[in-house]
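Following: one structure in structure tokens, then a few remarks.
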Number of protein chains: 2
Amino acid sequence: MSDVSDVSEESLARETASQAIAREVIALTRRARAAAAQLHPELSLVTHTILTHVSDQRGCNATDLAAHYMLDKSTVSRQVSALLRMGLLARRPDPRDHRAQILEVTEAGYSALAAAARSRQAMFDDRLGDWGTSDLVRFAAYLERYNRTLPRGGRPAAGDTVA
Amino acid sequence: MSDVSDVSEESLARETASQAIAREVIALTRRARAAAAQLHPELSLVTHTILTHVSDQRGCNATDLAAHYMLDKSTVSRQVSALLRMGLLARRPDPRDHRAQILEVTEAGYSALAAAARSRQAMFDDRLGDWGTSDLVRFAAYLERYNRTLPRGGRPAAGDTVA
DNA sequence: ACATTCTGTTGTATCATACAACTAGATGGT
DNA sequence: ACCATCTAGTTGTATGATACAACAGAATGT
């Protein structure tokens, strides 16, 4: 195992693995919508995401959300409206800038988020039940590493997460 | 490292890891649509997926596709129609069952797939460029394992991939 | 002060999707 | 052989998420 073919074996392995990653990430993505809809019918993937982000940020405005998720501001505006109607989000004018609105998660919003987290976690636990702990830890680390390579700060650009 | 706290440490590690996996899988999913649209504008995520599946299966019918991707048959029907119109897919009647149609990827379809694969791979390679080969291989294996835990046979059920 | 820029809303179009109704072909029981 | 039932796929229709464009109101810079 130390002849000339090492180089090509190495690059073949890389190529195979990275193709597999591409394929599997796509597969993962493809089924997400239906699954999410089934798991918590009243909290769509988008609204759930928005709620989580506002919660994590301890309040933010619509423009932040749009930038972060590569969504048009009109889309965010409508999704936020829905969350306001549902009482899961509240807003108050930004004292520093009267154009902007500061969004905050309500008590009901936190409850909904907690409920969603529980059922989601139950599902993941079910799927990951027969994994060894060390595999779980390593897989989590890889996913984190992978996601951290996202062009987060700059413009999301072509080819963000999936392909 | 062999006292009573081992048990709780172990379960804590499991819980932390599985929460991280849940979180990261969701993060992965969120940005997918916009990214996919940008990466290859003429081949949407769905049509790309369908094309790939047909190619992998070396011919299959619409029902298989619907089951595999948790899509309604009407959705698949329309997406397949689009691919037929684009000339990327062809179909012929199944000799064994005159209700069914056997779908096959055309030459143009393979070209489109190859082109998409190139740009996609370029993006992934860019993101995975500083990963060691063994990490790539392990990550790919974990993703495959994770995706294989899908409730493939039975009804897709609540909570398939993401949450 | 006025032009420009920014936040957010609303109008409109598109697209993927689901559900329901339907057609045509297959299958099984009597 | 016949009818009931099941299955593959298409089409009609509605919904929901999205983008783009036009806009209003507020902030900012020259």
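Letters A, B, ... are given to chains in the order of the sequence lines, protein chains preceding strands, and every chain is numbered from 1.
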Exercise. Side chains of A:Gln101 and A:Asp94: closer than 4.5 Å at any heavy-atom pair?
Worked result: no
Problem set entry | Protein-nucleotide distance (A:Asp94, atom CG; C:dG8, atom P), rounded to Å | 9 Å
Seminar exercise, completed: For A:Ala62 and A:Val76, the nearest pair of non-hydrogen atoms, with its separation, is O-CG1, 3.7 Å
Exercise. Touch check for A:Arg91, heavy atoms < 4.0 angstrom, all strands: base, sugar-phosphate only, or nothing?
Worked result: sugar-phosphate
Exercise. For residues 72-80 of chain B, which residues have at least one heavy atom under 4.0 Å from DNA chain D?
Worked result: B:Lys73, B:Ser74, B:Ser77, B:Arg78
Seminar exercise, completed: Between A:Leu51 and A:Val105 the two heavy atoms that sit nearest each other are O-CG2, 3.7 Å
For this session: Rounded to the nearest angstrom, tell me the gap between atom CG in B:Leu65 and atom P in C:dA16.
Result: 16 Å
Hey, what are the protein-to-nucleotides 1-6 of chain C N/O distances that come in under 3.5 Å?
residue: C:dC6; atom: O4'; partner: A:Arg99; partner atom: NH1; Å: 3.4
residue: C:dC6; atom: O2; partner: A:Arg99; partner atom: NH1; Å: 2.7

For this session: Check whether any side-chain heavy atom of B:Pro93 lies under 4.5 Å from a side-chain heavy atom of B:Ile102, and answer yes or no.
Result: no
Problem set entry | Atom-to-atom span, CG of B:Asp97 to C1' of C:dG28 - whole angstrom | 15 Å
For this session: Determine whether B:Leu113 and B:Ser55 make a side-chain contact, defined as any pair of heavy atoms from C-beta on separated by less than 4.5 Å.
Result: yes
Problem set entry | Centroid-centroid under 6.0 Å between B:Trp131 and A:Tyr142 rings | yes
Exercise. In degrees rounded to 10°, what angle is found between the helical axes fit to the five outermost pairs at each end of the helix from C:dA1-D:dT30 to C:dT30-D:dA1?
Worked result: 20°
Exercise. Can you tell which of C:dT9, D:dA26, C:dA26 lies closest to the side chain of A:His98?
Worked result: D:dA26
Exercise. Under 4.0 angstrom, heavy atoms only, what part of the nucleic acid is A:Asn61 near: base, sugar-phosphate, or nothing?
Worked result: sugar-phosphate
Exercise. For A:Met70 and D:dC20, what is the distance between atoms CE and C1' respectively, to the nearest whole Å?
Worked result: 17 Å
Exercise. With sequence neighbours left out, which residue pairs that include part of residues 104-113 of chain B fulfil the side-chain hydrogen bond (donor to acceptor under 3.5 Å, both in side chains) condition?
Worked result: B:Arg92-B:Glu104
Exercise. B:Leu84: what forms a side-chain contact (heavy atoms from CB on, under 4.5 Å) with it, not counting sequence neighbours?
Worked result: B:Val80, B:Leu89, B:Arg91
For this session: Rounded off to whole Å, could you give me the CD1-to-P distance for the A:Ile50 and C:dG8 pair?
Result: 12 Å
For this session: Check salt bridge (Lys or Arg N to Asp or Glu O under 4.0 Å) between B:Asp97 and all other residues, then give those that pass, not counting sequence neighbours.
Result: B:Arg99
Exercise. Do A:Leu103 and A:Asn61 have side chains that get closer than 4.5 Å, going by heavy atoms?
Worked result: no
For this session: Can you tell me the distance, in whole Å, between the OH atom of A:Tyr69 and the P atom of D:dA19?
Result: 15 Å
For this session: Whole angstrom is fine here: how far is it from NE2 in B:His48 over to C1' in C:dA16?
Result: 17 Å
Exercise. Where does the angle between the aromatic ring planes of A:Phe124 and B:Tyr146 fall among parallel (under 30°), tilted (30 to 60°) and perpendicular (over 60°)?
Worked result: parallel
